[in-house]
Amino acid sequence: MSPGTALILGALSPIAHAVALELADKGWNLILAGRDLDELEKAAADLHLRKGVMVQAVEFDALDYADHGRFWQNLAAKTPDLCGLLVAFGVMGEQEAQNETPELALPIFSTNYTSACSICLHAAKTMEKEGRGWICGITSVAGDRGRATNYCYGSAKAGFTAFLSGLRNRLTPAGVKVLTVKPGFVDTGMTYGKKGSGLAVPPSKAAQDIVKHLFGKKDVIYTPGFWKIIMGIIKAIPEGKFKTMKL
Amino acid sequence: MAELPRKAAEGVGGWGRFPLSRTTFLRPERSSEFDLVPGQQIVRGQGRSYGDAAVCGEGSTILTERRSRLLSFDQESGVLTAEAGTTLADILSVFVPRGWFLPVTPGTKFCSLGGCLASDVHGKNHHVEGSFSQHVTQASLKGGVGGWKTISPDHNEDLFWATAGGMGLTGLIRDVSLKLKKIETSYIKVKHRRARSLAEALDLFNDPDCDDTYSVAWIDCLATGASMGRSVLMTGHHALRSELPSEIKDPLEPYKQGKLSVPFDFPSFTLNPLTVKAFNGLYNMMQSRKTEFLTHFDKFFYPLDGILHWNRIYGKKGFVQYQFVLPMDQSRHGLTRILERLSHSGHGSFLAVLKKFGPEGKGMLSFPMEGCTLALDIPMKKGLLEFLDQLDEVVADFGGRHYLAKDSRLKPKTAQAMLPRLSEFRLAAAEIDPEGRFRSDLSRRLELLP
């Protein structure tokens, strides 16, 4: 018997697709959501053919906050066993361009923070009421400390991380799991060919970590795990020193 | 379209790690990202062709490793449509447990669908089931001009047969539809037979007793005199449920080490120094001239896949795969001449794989033709290239042809003379890619296109 249906937002990201494969392995049915419906249909076909679970593709625009409530309610009404939410959408942009043209930073804030929190709030209402479910948010190691190279993105992820912490605090009594995932370098289009990408792990490795902890005890994970140590060191650098460093 | 992330790369070659080139990798993920890029380019699947076919030096090399989704499967016809970056290994892992198998497979499962079509690969069943492209029902292609086109044996057929075996030079291959075949079990019923000479080996290929779906011979290139060409012929077919012992509960089970006792592990299709001793062991062990056993398909088709990166055993200099086919009526005489040259050349102790091909397919640049093919790997060392140039002449004299997917060192004149339909191919390529956007180091080296 299927454990339920999970909604994957930003389902075309390589990490999200890999998590979807892992969830399907455990029998979860899936709803893939994002902006490019044609491409989502392909991802849905792939998951269904490989794993035999039920997979549907739906259109979702993270920036259309006004529609989030209807979007969630509609899916929840049609899918009584909908009890999982993965928020995997996000956009990094180019920090230098944002420095030059501040308007470019706005969608970075709104996509990574406002939209992510908004949809979680809608899902949380249902899950809290039903007393079951899980919400998994993909944030970033970039949210652990602001750096000159990607602080707009990093600050939005930091906000989302703090939001998830509070959401967890709220939903724990209801028996709803909230998992915060902070990926380091994962080998995706976001990191491909960039400095440091030699440390990148394949999306499948990140997905195994995520799904393992989604149904495990931890609340906040780094993937791969060694980023916890790296970020521990980076966070420990005194601000007076940090502000002069190039990272 | 947003600009794709890119990575400058040096020392990029094929599986033979010779020759090497500098290129820029681009790695599209979504369909919208898989498109023409500025300048010259070639698509690279898993980089399992041996030479320089999947590298565009000083240009763009488009990777399909992130384009590997299964798109549809028709349970009735067995037709699977998947993105061109999907590997054969991936297809096997999903479809063998459901009772389906690849219609044609080369000696590695770590290659991509797109690469298999572009190289029009063959397998041990060529004599009965032809090459890969004969089982492709359609593909989608985008050349240097125009949008995405559906190509198939009965729609845009010239373009289809230019693309099958066309080494990626007609454009981007996005999706491939392949007709899988039904199997009852994941096991192969194998027979080994010993041949004491080349003549005996060639006779065995035609012996009705050796008539089976798969056939290939492992040949000792060191043996001279009367035993020159001594070989072990292996034949096999997909075992029926009734041919499996009752202790195997799941007839379609995936490969597990040591489930059945096999008389001998038989490395095949691509061979290397590790296998020299193995051959002698096997040959000498075959007291009776015939052995029969069951083995898992994975062991039968992909013995070297278990040794990841086995190509590295040859060291930094790399190695050369030398594979050619001779027409049937020239095979006996031609192979004898070539084996004589090989055994006297001093170019290492190596083994080779001999296989009888069935009728030629329709791919304009496809390798297989009716006759016998011999495949060797030879470690790169001084004097080898000169020696192989001489060998090329012998192959040419006997009306033979080389396999472009394995080539790394042919000369333009020799290669072109072996491709009787090259002018037809050039016409098709000029139409779909008038500006010459699709070029590889191979196409430049062999001057296949202007």
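Letters go in sequence order (proteins before strands), and every chain restarts at 1. Keep in mind the model is a prediction, meaning the values are calculated, not measured.
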Heavy atoms of other groups near Arg98(B) CZ, more than 12 under 6.0 Å
yes
Looking at Lys205(A), I'd like to know if its NZ atom is crowded, meaning that more than 12 non-hydrogen atoms belonging to other residues, nucleotides or ligands lie closer than 6.0 Å.
yes
Counting only heavy atoms from other residues, nucleotides and ligands, does the tally under 6.0 Å from NZ of Lys182(B) exceed 12?
yes
Assess whether atom CE of Met54(A) is packed by more than 12 heavy atoms of other residues, nucleotides or ligands within 6.0 Å.
no
How close do Ala45(A) and Leu71(B) get, heavy atom to heavy atom, and via which atoms?
CB-O, 3.3 Å
Hey, mind stepping through Lys7(B) and Lys194(A) against side-chain contact (heavy atoms from CB on, under 4.5 Å) and telling me if it holds?
CA-CA 8 Å; Lys7(B) 182 153 94 183; Lys194(A) 297 224 170 87; over 6 Å; no
Should we say atom CZ of Arg241(B) is surrounded by more than 12 heavy atoms from elsewhere, each under 6.0 Å from it?
yes
Please classify the contact between Ser31(B) and chain A as side chain, backbone, both or neither, with a heavy-atom cut-off of under 4.5 Å.
both
For the student: nearest non-hydrogen atoms of Gly189(A) and Pro5(B), plus distance:
O-CG, 3.1 Å
Honestly, the part of Ile91(B) sitting under 4.5 Å from a heavy atom of chain A is neither
Can you tell which of Leu47(A), Thr191(A), Thr188(A) has the highest number of heavy-atom pairs within less than 4.5 Å of chain B?
Thr188(A)
Given that the side chain runs from C-beta out, which part of Ala43(A) has a heavy atom under 4.5 Å from chain B: side chain, backbone, both or neither?
both
Flag the pair Ser72(B) / Lys42(A) as yes when at least one side-chain heavy-atom distance between them is below 4.5 Å, and no otherwise.
no
Distance from Tyr192(A) atom OH to Leu4(B) atom CG, nearest 0.5 Å?
10.0 Å
Taking 4.0 angstrom as the limit, do Arg27(B) and Asp187(A) come out as a salt bridge?
yes
Check against side-chain contact (heavy atoms from CB on, under 4.5 Å), Ser32(B) and Glu39(A)
CA-CA 9 Å; Ser32(B) 58; Glu39(A) 199 68 359; over 6 Å; no
Is the backbone of Pro14(A) close enough, under 3.5 Å, to the side chain of Glu29(B) for a donor and an acceptor to pair up by distance?
no
Quick check for you: to the nearest 0.5 Å, what is the distance between Leu80(B) atom CG and Leu49(A) atom CG?
7.5 Å
Could you go through the side-chain contact (heavy atoms from CB on, under 4.5 Å) check for Arg30(B) and Asp38(A) one step at a time?
CA-CA 10 Å; Arg30(B) 300 181 188 189; Asp38(A) 281 352; over 6 Å; no
Would you say the side chain of Leu70(B) lies within less than 4.5 Å of the side chain of His48(A), judging by non-hydrogen atoms?
no
